[in-house]
Amino acid sequence: MIFVLYSTSPGFLIIKFSVCYNNYTIIVENAIKYKVERYKIYMSENTNLKIFDSHAHYDDDAFDEDREQLLIDVHNSGIERIVNIGCDVATSEATLKLTENYDYIYGAVGIIPHHVGDIGDKDIDRIRELAESSPKIVAIGEIGLDYYYDEPSRELQHKWFRAQLDLARELGLPVVIHSRDAAMDTVQIMKDCHAEKIGGVVHCYSYSMETSDEFLKMGFYFGIGGVVTFKNSKKLVRAVEHIPLDRIILETDCPYLAPTPNRGKRNDSRNLRYVAEKIAELKGITAEEVAEITYANACRMYNID
């Protein structure tokens with residue numbers, strides 16, 4: 001399906017139209033007269049985008065039956081680089097193995113707030129060992145705060161969030177921040193730990209436009225994935241409209257959070273074209289431009305040449 005994105009004042013209008021394009025006839029579905037200032041064309045089935053998936057979990061059990069073939073198919077579809085993210089010691093070790101088996105996969109190692117309830121210094125030491133074991137480990141994460149559930153305690157979450165921020169600073173690596181229902185404390189701890197000197201990304205950004213300014217002041221990037229395509233994501237849409245494109249990177253968080261039209265299904269990196277198209281719609285540019293700019297952003301954030 002081909003769409004024309006018309007930039008009108010004050011907003012944007014998508015109109016389906018009928019032309020003969022590369023010997024295919026496109027059917028008119030809507031015809032509305034507007035004063036057109038400029039237009040952009042993009043493909044909803046575009047498979048030619050060069051995309052960097054900045055946050056995936058291909059070590060997850062959901063991929064056990066077809067992981068090898070899927071990763072080949074994903075790479076052949078135009079997903080040129082992937083960063084697989086650890087959530088605890090075991091998944092961080094699995095992430096390292098993926099980076100060894102696939103030249104286009106990089107890794108982040110860390111302990112997510114859900115799993116800090118029974119960890120100790122030895123676990124942080126193991127994360128350090130993994131991070132130092134390969135140049136393809138490019139970040140510490142995902143780490144942070146999650147107040148959606150009552151456990152682990154907030155005190156423990158704060159302790160290990162700070163410890164892993166300190167580890168990232170020690171190793172000279174950026175961080176991948178997980179923050180849910182904990183905006184104020186996340187910002188405060190990042191400020192206390194001078195996260196502006198560490199750098200990184202707020203993964204699966206879900207807070208307001210106003211809160212995004214706090215992270216922007218610290219020079220952080222914003223991971224945007226399938227949620228931006230959901231009908232009930234008005235707050236996130238406003239935030240994405242506000243955040244400069246040079247601070248956005250694409251992510252799946254696969255196998256979770258597949259975008260519309262595949263919401264509820266197992267997610268994988270090929271779905272990022274839908275995310276790129278949604279951001280293109282919000283920014284008034286092409287999906288190709290979104291893919292190109294966010295690819296460069298992810299390389300810069302992860303310090304990948």
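Bear in mind the structure is a predicted one, so any value in this text is a computation, not a measurement.
Side chains of T211 and S208: a donor on one and an acceptor on the other come within 3.5 Å. Side chain to side chain, D246 and Y221 fail the donor-acceptor criterion of an N or O pair below 3.5 Å. Between E210 and H242, the side chains place no donor N or O within less than 3.5 Å of an acceptor N or O (distance only, hydrogens not considered). D53 and T252 share a side-chain donor-acceptor pair at under 3.5 Å. No hydrogens or angles considered: a donor-acceptor pair under 3.5 Å links the side chains of T286 and E289. Using modelled atom types, one finds no donor on one side chain facing an acceptor on the other under 3.5 Å when comparing H114 with D88.
Between H178 and H203, the ring planes lie tilted relative to each other; the angle falls in the 30° to 60° range. By the 30° and 60° cut-offs, the orientation of the rings of F52 relative to Y302 is parallel.
Of all non-hydrogen atoms in N84 and T95, the two that sit nearest each other are ND2-OG1, 2.9 Å. Closest heavy-atom contact between E132 and L171: OE2-CD2, 3.4 Å. Contact detail for M301 and P174: the closest heavy-atom pair is O-CG, 3.5 Å. In terms of heavy atoms, A280 sits closest to A287 at CB-N, 3.6 Å. Of all the heavy atoms in V201 and G223, the pair that sits closest is CG2-N, 3.4 Å. Closest non-hydrogen pair, F230 versus P259, comes out as CE2-CA, 4.1 Å.
Ion pairing of E196 with K217 is absent here, as no side-chain N (NZ or NE/NH1/NH2) approaches a carboxylate O to less than 4.0 Å. One finds no salt bridge joining D103 and R81 here, because no Lys/Arg side-chain nitrogen approaches an Asp/Glu carboxylate oxygen to under 4.0 Å. Look at E241 and R238 and you find no salt bridge, because none of the NZ, NE, NH1 or NH2 atoms lies under 4.0 Å from a carboxylate O. Checked for salt-bridge contact, R128 and D125 meet the test: a charged N lies under 4.0 Å from a carboxylate O. For the pair D59 and R67, the salt-bridge criterion is not met [side-chain N within less than 4.0 Å of a carboxylate O]. By the 4.0 Å N-to-carboxylate-O rule, E100 lies too far from K97 to be salt-bridged with it.
The cationic group of R247 does not satisfy the cation-pi geometry with F222, failing either the under 6.0 Å distance to the six-membered ring centre or the 45° limit from the ring axis.
Environment of CG in D64: crowded, with over 12 heavy atoms of neighbouring residues, nucleotides or ligands closer than 6.0 Å. Atom CG of N232 has more than 12 neighbouring heavy atoms from other residues, nucleotides or ligands inside a 6.0 Å radius. For CD of E80, the number of neighbouring non-hydrogen atoms (other residues, nucleotides, ligands) closer than 6.0 Å is greater than 12. Around atom OH of Y256, no more than 12 heavy atoms belonging to other residues, nucleotides or ligands sit under 6.0 Å away.
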Point to revise | Test log, rule side chain to side chain donor-acceptor pair (under 3.5 Å), inputs H57 and E142 | key: CA-CA 11 Å; H57 298 281; E142 55 189 283; 3.3 Å; yes

Review point. Could you walk me through whether Y207 and S179 pass the side chain to side chain donor-acceptor pair (under 3.5 Å) check?
Key: CA-CA 9 Å; Y207 298 131; S179 180; 2.7 Å; yes

Exercise for review: Show the numbers, then the answer: is there a side chain to side chain contact (heavy atoms under 4.5 Å, CB included) between Q164 and V175?
Suggested key: CA-CA 9 Å; Q164 292 183 92; V175 289; over 6 Å; no

Practice item. Given side chain to side chain contact (heavy atoms under 4.5 Å, CB included), test R162 with I189 step by step and report yes or no. Key: CA-CA 7 Å; R162 292 176 184 273; I189 289 174; 3.6 Å; yes

Point to revise | Step-by-step side chain to side chain contact (heavy atoms under 4.5 Å, CB included) determination, I105 to L71 | key: CA-CA 10 Å; I105 296 181; L71 285 170; 4.1 Å; yes

Exercise for review: Show your working on side chain to side chain contact (heavy atoms under 4.5 Å, CB included) between E214 and K191 and close with a plain yes or no.
Suggested key: CA-CA 10 Å; E214 295 297 324; K191 288 180 177 179; 3.1 Å; yes

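Residues L130 and L173 share a single hydrophobic cluster, defined by chaining ILVMFWY side chains whose heavy atoms lie under 4.5 Å apart. One hydrophobic cluster, built from ILVMFWY side chains closer than 4.5 Å, holds both V202 and V275. Using a 4.5 Å cut-off between side-chain heavy atoms of Ile, Leu, Val, Met, Phe, Trp and Tyr, with links allowed through other members, I112 and L98 fall into different hydrophobic clusters. No continuous path of hydrophobic side-chain contacts links I82 to I249 [ILVMFWY only; heavy atoms under 4.5 Å]. Hydrophobic clustering (side-chain heavy atoms under 4.5 Å, transitive across Ile, Leu, Val, Met, Phe, Trp, Tyr) groups L272 together with I293.
For the pair N297 (side chain) and L245 (backbone), a donor-acceptor distance under 3.5 Å is present. Remark: side-chain polar atoms of Y104 are not paired, donor with acceptor, to backbone N or O of I79 under 3.5 angstrom. S54 places a side-chain N or O within 3.5 Å of a backbone atom of L250 that can act as its donor or acceptor partner.
By the 4.5 Å heavy-atom criterion applied to side chains, R270 and L70 are counted as neighbours. Side-chain contact between H75 and Y102 is absent, with no heavy atoms from C-beta onward closer than 4.5 Å. Under the 4.5 Å side-chain criterion, counting only non-hydrogen atoms from C-beta, I224 is in contact with L236. Inter-residue side-chain proximity for V240 and I248 is flagged as met; some heavy-atom pair is nearer than 4.5 Å. Two residues are said to be in side-chain contact when any heavy atoms from C-beta on lie closer than 4.5 Å; R180 and Y149 meet this criterion. In this structure, the side chains of L96 and S133 come closer than 4.5 Å at one or more pairs of heavy atoms. Taking the side chain as every heavy atom from C-beta outward, I198 and I140 never approach each other to under 4.5 Å. Using a 4.5 Å heavy-atom threshold, the side chains of V228 and S233 count as separate.
Distance check: Y295 OH to I304 CD1 gives 8.5 Å after rounding to the nearest 0.5 Å. The CD1 atom of I51 sits 12.5 Å away from the CD atom of E292 when rounded to the nearest 0.5 Å. For the atom pair OG (S92) and CD1 (I85), the distance works out to 9.5 Å, reported to the nearest 0.5 Å. Here the straight-line distance linking atom CD1 of I111 with atom CG of D123 works out to 5.0 Å at 0.5 Å rounding. Rounding to the nearest 0.5 Å gives a distance of 9.0 Å between CG of N271 and SG of C254. Atom CG of N267 sits about 11.5 Å away from atom CG of D60, to the nearest 0.5 Å.
By the side-chain hydrogen bond (donor to acceptor under 3.5 Å, both in side chains) test, Y58 pairs with S269, sequence neighbours left out.
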